[in-house]
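Each ligand, and each atom within it, is numbered from 1 in the order the structure gives.
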Amino acid sequence: MIFDRVKELVAEIENSTVENKDQLEAFRLKYISKKGVVTELFDNLKNIAQEDRRAVGQELNTLKNLAQNRFQEFSAGIEAAGGQNQALQIDLTLPVPPNLQGSLHPLTIVRRRIIEIFERMGFNISYGPEIEKDWYNFSALNFADNHPAREMQDTFFISKSEGDVKDDVLLRTHTSNVQVRLMERQKPPIRSIMPGRVFRNEAISARAHCVFHQVEGLYVDKNVSFKDLKDTLYHFAKEMFGKDSKIRLRPSYFPFTEPSAEIDVSCFICKGKGCNVCKYTGWVEIAGSGMVDPNVLQNCGIDHEAYTGFAFGMGIERITMLRYGINDLRLFTENDVRFLRQFEGA
Ligand code: PHE
């Protein structure tokens with residue numbers, strides 16, 4: 001009988017919870033104090049038959065220890081919670097803290113979009129080195145040894161050769177080096193775009209940086225014409241900036257294309273009416289382009305009598321700035337999460 005009572009009390013103590021100081025005091029009075037149930041059972045011990053007294057005494061000691069341990073636990077918990085049991089203080093109705101996810105860099109978003117548009121037109125993707133020989137960056141592209149354009153590009157040189165300038169080693173100033181590498185190793189037809197990082201020795205400001213990104217395009221085959229260039233870039237502009245976009249070609253000069261043209265797209269912010277993005281001209285420049293100079297084809301071992309080609313090069317930063325209305329190039333490299341988070345889901 002007494003054993004059943006002890007068992008009952010053990011279960012009761014094990015299942016009990018205490019939420020505040022009052023309940024803690026009630027627990028103490030019931031199981032620990034001199035007037036509590038456990039003391040009462042100890043007092044009763046003298047009425048137990050002599051032969052059972054030892055076993056019952058052991059059971060009672062276990063019960064007493066259990067009660068004391070539980071009391072210690074409860075009071076420590078309530079102490080730590082400043083009078084409240086911590087476990088029970090959690091508010092299950094509170095919203096879950098947001099699980100922050102990374103997002104794509106705006107330059108990545110735009111690079112991927114450019115690639116996608118040209119891939120659909122049948123262009124494949126090629127890559128080339130960032131550390132390059134003069135030959136690929138300049139000489140093969142028809143820059144004469146003392147051509148002023150070499151200086152115009154603010155080149156970072158890595159090593160100057162003792163002999164031939166063609167062996168100088170530098171950081172590529174444009175992605176046009178990949179055109180040369182491609183034409184040297186592949187016979188036409190060639191239809192490829194070449195995204196990559198380029199370097200120029202410019203002081204960093206809102207409008208200039210020493211590291212930026214370009215996407216080069218090259219199409220060489222029989223009968224490639226200037227109209228193909230125009231149509232390709234017109235289609236690109238409509239896909240990239242909206243179907244009402246127009247393009248405009250302005251005569252320009254690059255040593256590796258002849259004729260050469262600067263490509264402008266109608267300002268998609270003001271729709272050509274004039275705003276501060278297009279500096280009130282209605283047009284924004286997006287690329288340099290032209291027909292591949294026969295000298296370049298020849299330098300790369302392609303028969304310039306049989307084949308013609310067009311090439312273009314566009315700045316990814318520039319297109320990204322136009323597309324998202326970003327007015328400072330430095331934002332792209334500062335990794336400020338307040339800037340980057342704005343492109344979540346873009
Ligand atoms: N490489 C030129 C630049 O960086 C752009 C360009 C590429 C122009 C291909 C014509 C043809 O300015």
Original post:
Does NZ or CZ of Lys64 come closer than 6.0 Å to the centre of the six-membered ring of Phe42, within 45° of the ring's axis?
Top reply: yes
Subject >> Counterpart residues, ring-ring contact (aromatic ring centres under 6.0 Å, His included), relative to Tyr31 (two or more places apart) >> reply: Phe27
Original post:
What is the ring orientation for Phe332 with His105, classed by angle as parallel under 30°, tilted 30 to 60°, or perpendicular over 60°?
Top reply: tilted
Original post:
When you measure from the side chain of Thr308 to the backbone N and O of His304, does any donor-acceptor pair fall under 3.5 Å?
Top reply: no
Original post:
Any donor-acceptor pair under 3.5 Å linking the side chain of Arg70 with the backbone of Ser16?
Top reply: yes
Original post:
How are the rings of Phe138 and His174 set to each other: parallel, tilted or perpendicular (split at 30° and 60°)?
Top reply: tilted
Original post:
What residues come within 4.0 Å of ligand 1, counting heavy atoms only?
Top reply: His174, Ser176, Gln179, Arg200, Gln214, Glu216, Phe254, Phe256, Thr257, Gly288, Ser289, Ala311, Phe312, Gly313
